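Okay, structure first, notes after.
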Amino acid sequence: MTQFAFGKCLRLLKPSDFQAIFNNAPLRASHKHLLVLARPNGLDRPRLGLVIAKKHIRLAVQRNRIKRIARESFRIQQHKLAGIDAIVLARRELDHFDNAKLQQIFRQQWRRISDKANKHQQTRQQEQTQCQNSRLS
RNA sequence: AGAGUCGGCCCGGCAGUCGCUCCGGCGUCAGCUGCGCCAUUCUCUCGAGUGUGGCGCGGCGCGGUGGGGAGGAAAGUCCGGGCUCCGCAGGGCAGGGCGCCAGGUAAUUCCUGGGGGGCGUGAGCCUACGGAAAGUGCAACAGAAAGUAUACCGCCAGACCGCCUGCGGGAGGUCGGGUAAGGGUGAAAAGGUGCGGUAAGAGCGCACCGCGCAGCUGGUAACAGUCUGCGGCGAUGGUAAACCCCGUCCGGAGCAAGACCAAAUAGGAAUCCAUUGGCGUGGCCCGCGCCGGAUUCGGGUAGGUUGCUAGAGGUGUGCGGUGACGCACAUCCCAGAUGAAUGGCUGUCCACGACAGAACCCGGCUUACAGGCCGGCUCUGACU
RNA sequence: UGGGGUGUAGCCAAGCGGUAAGGCAGCGGGUUUUGAUCCCGUCAUGCGAAGGUUCGAAUCCUUCCACCCCAG
């Protein structure tokens with residue numbers, strides 16, 4: 001089952017990678033205890049970054065747990081998110097959910113991101129075709 | 001059996017499946033890259049540069065495979081070290097820590113053993129426990145008086161004043177005295193109990209207890225004593241987590257320390273000479289560095305590599321020691337990430353799983369915490 | 001991860017061994033026809049929490065808790 005691997009090429013590794021998404025994130029999915037920012041990266045694979053602040057999630061054990069669940073969920077869903085860079089930001093009280101509930105929340109957010117990504121791509125294609133049409137006419 | 005106390009150990013187990021990270025070894029048809037050799041193209045200053053191809057070796061990546069992968073507190077950062085840089089970490093001042101004694105240790109404010117004091121029937125537990133006769137200070141309010149102690153009420157005899165009288169004296173007032181037994185205040189008022197003593201009282205005297213000083217004995221010492229002698233004890237009140245004194249220890253920063261490779265960008269950097277002045281450096285001074293002159297060419301931001309885990313290491317046995325611990329031998333290698341791994345899901349078993357996540361490494365302390373296992377000892381009850 | 005700092009009423013704060021100033025806000029009353037101004041009074045069960053030293057602690061000591069700042 002090699003297609004579900006989650007190596008270093010599927011993660012955001014540099015501060016510049018993170019900064020690029022914070023500066024321009026056309027795809028957003030918000031939840032009461034969670035925020036996902038994303039943008040197309042022009043690659044054939046998705047990449048994930050995690051920002052779990054100590055200010056919001058106090059205990060290191062809880063921060064680790066949230067990161068594990070987020071990565072696991074991303075790993076399962078990676079084929080629906082191809083070509084997208086995503087950052088997950090934790091908000092306050094995200095550690096109040098158990099593992100099953102967290103997985104459910106993440107699955108929901110990934111679906112919303114992939115839907116928006118498809119729509120975004122369509123609109124861009126439409127814009128391009130419109131441009132071409134207008135130029136033709 | 002119940003209650004208690006001290007010490008040691010464990011931190012869900014098993015199976016399946018999908019992942020992460022490090023290490024070893026294997027493969028690599030195709031991918032990226034370094035080095036060497038060979039062949040060859042072009043250039044010319046004719047033995048160098050450049051391009052292409054082949055072979056070999058290596059690295060990255062990829063694919064199998066084997067193995068390792070959080071804690072007793074990984075936490076708080078309260079102490080102590082190692083390590084690294086600041087020239088050496090040296091002298092003085094300032095500042096700070098510690099504080100019964102002896103030992104252990106790399107070191108400590110830690111640990112072990114001992115002493116004093118307190119708690120408990122006991123096993124045991126707790127203990128910032130040097131000095132107040134070096135000096136300075138503090139004690140609000142209350143109280144007569146709060147440190148060279150003190151006379152408010154009271155008690156006592158005396159002198160004087162007038163009053164009553166059964167002429168013995170009695171009650172009252174004033175005056176200057178005696179007194180620390182009694183009352184009252186306070187957190188605290190300066191030995192206790194008893195007998196004697198006295199005008200009333202008082203270590204004023206005596207007995208016992210307590211206290212102080214000196215000696216002797218025991219102990220390395222702290223200290224102890226049915227020991228001896230001396231002192232009536234207003235000697236020497238409390239407070240040093242008040243200043244302080246005495247003894248003892250401490251240079252400063254911290255792996256984001258530091259070292260190396262290096263796009264970009266800027267014009268400086270290194271060595272030697274000079275040491276008056278200016279600037280800088282750990283809190284300050286001594287000290288040290290820079291600014292000046294001469295000579296020589298490299299410098300180091302993004303990013304990467306390293307530091308980075310074999311250590312005051314674990315386990316076992318023997319020996320020394322009351323013990324902390326030390327010595328010897330054998331044996332084992334047991335996380336090393338870096339946008340940051342050590343996990344998800346399913347099934348199953350049970351005592352239904354607490355507190356909680358390594359970030360340079362150790363030794364302690366403190367705080368959080370569901371439960372389980374083992375051993376020593378004490379008390380109470382029953383039976384033999 | 002390392003280094004440093006701060007907690008006193010709803011807010012801003014002084015005090016740093018002897019019964020917690022002051023200002024703003026709030027509440028009650030007075031002045032005024034009413035309001036503003038002004039005047040008077042009131043508001044901390046105890047100084048982030050728990051122990052300890054002391055006769056006495058916001059203050060001194062110890063251990064915790066919360067918040068903030070600095071360094072890639």
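Model, not experiment: these values are computed from the prediction. Each chain gets a letter, A, B and so on, in the order its sequence line appears, and its residues count up from 1.
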If we call it a pair only when both distances are under 3.5 Å in a Watson-Crick or G-U wobble match, what pairs with [N]?
N      : result
B/C60  : B/G31
B/U367 : none
B/C204 : B/G196
B/U348 : B/G13
C/C38  : C/G30
B/U108 : none
B/G99  : B/C246
B/G307 : none

Please give, in whole Å, the distance from [N] [atom2] to [X] [atom1]?
X        : N      : atom1 : atom2 : value
A/Leu13  : B/G339 : CG    : P     : 7 Å
A/Arg47  : B/A340 : CZ    : C1'   : 17 Å
A/Phe106 : B/C345 : CZ    : C1'   : 16 Å
A/Arg63  : B/A358 : CZ    : C1'   : 13 Å
A/Phe97  : B/G344 : CZ    : C1'   : 19 Å
A/Lys54  : B/G339 : NZ    : C1'   : 16 Å
A/Arg11  : B/A337 : CZ    : P     : 13 Å
A/Phe74  : B/C20  : CZ    : C1'   : 15 Å

[N] versus [M] - spacing of their [atom1] atoms, nearest Å:
N      : M      : atom1 : result
B/G130 : B/C246 : C1'   : 8 Å
B/G176 : B/A159 : C1'   : 9 Å
C/G28  : C/U33  : C1'   : 22 Å
C/A44  : B/C111 : C1'   : 47 Å
B/G300 : B/A264 : P     : 16 Å
B/G316 : B/C361 : P     : 26 Å
B/U65  : B/C11  : P     : 30 Å
B/A15  : B/G67  : P     : 13 Å

Please work out which of the three classes, parallel, tilted or perpendicular, describes the rings of A/Phe22 and A/Phe18, given edges at 30° and 60°.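 Tilted.
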Any donor-acceptor pair under 3.5 Å linking the side-chain atoms of A/Gln78 with those of A/Arg75?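 No pair is found: no donor N or O on one side chain lies under 3.5 Å from an acceptor on the other.
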[X] side chain to [Y] main-chain N or O, any donor-acceptor pair under 3.5 Å?
X       : Y       : answer
A/Asn41 : A/Arg45 : yes
A/His33 : A/Arg91 : no
A/Arg63 : A/Ile57 : yes
A/Ser73 : A/Ile69 : no

Taking the chi torsion of [N], is it syn (within 90° of 0) or anti (everything else)?
N      : result
B/U165 : anti
B/C334 : syn
C/G23  : anti

Among the candidates [options], find the nucleotide nearest to the side-chain atoms of [X].
X        : options               : answer
A/Lys67  : B/G339, B/A341, B/G19 : B/A341
A/Gln103 : C/C68, B/A340, B/C345 : B/C345
A/Lys55  : B/G343, B/G339, C/C68 : C/C68

How many angstroms lie between atom CD of A/Gln62 and atom CD1 of A/Ile66, to the nearest 0.5 angstrom? 6.5 Å
Short side-chain N/O contact to B/U342 OP1/OP2 from A/Arg68, under 4.0 Å: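 So the side-chain polar atoms of A/Arg68 do come within 4.0 Å of the phosphate oxygens OP1 or OP2 of B/U342, strictly under.
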Under 4.0 Å from OP1 or OP2 of B/U342: is there any side-chain N or O of A/Asn64 that close?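 Indeed not, no polar side-chain atom of A/Asn64 lies that close.
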Using a strict 4.0 Å threshold on nitrogen-to-oxygen distance, state whether A/Arg47 and A/Asp85 make a salt bridge.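 Looking at A/Arg47 and A/Asp85, the cut-off is met.
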What's A/Asn99 touching, base or sugar-phosphate or nothing? Going by heavy atoms closer than 4.0 Å.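 Sugar-phosphate, backbone atoms only, no base.
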Residue whose nearest RNA chain B nucleotide is more 5′ - A/Val61 or A/Ile69: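 Looking at the nearest nucleotide for each, A/Ile69 comes out on the 5' side.
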With nearest nucleotides of RNA chain B determined for A/Leu59 and A/Arg71 from heavy-atom distances, which residue corresponds to the more 5′ nucleotide?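 Residue closer to the 5' terminus by nearest nucleotide: A/Arg71.
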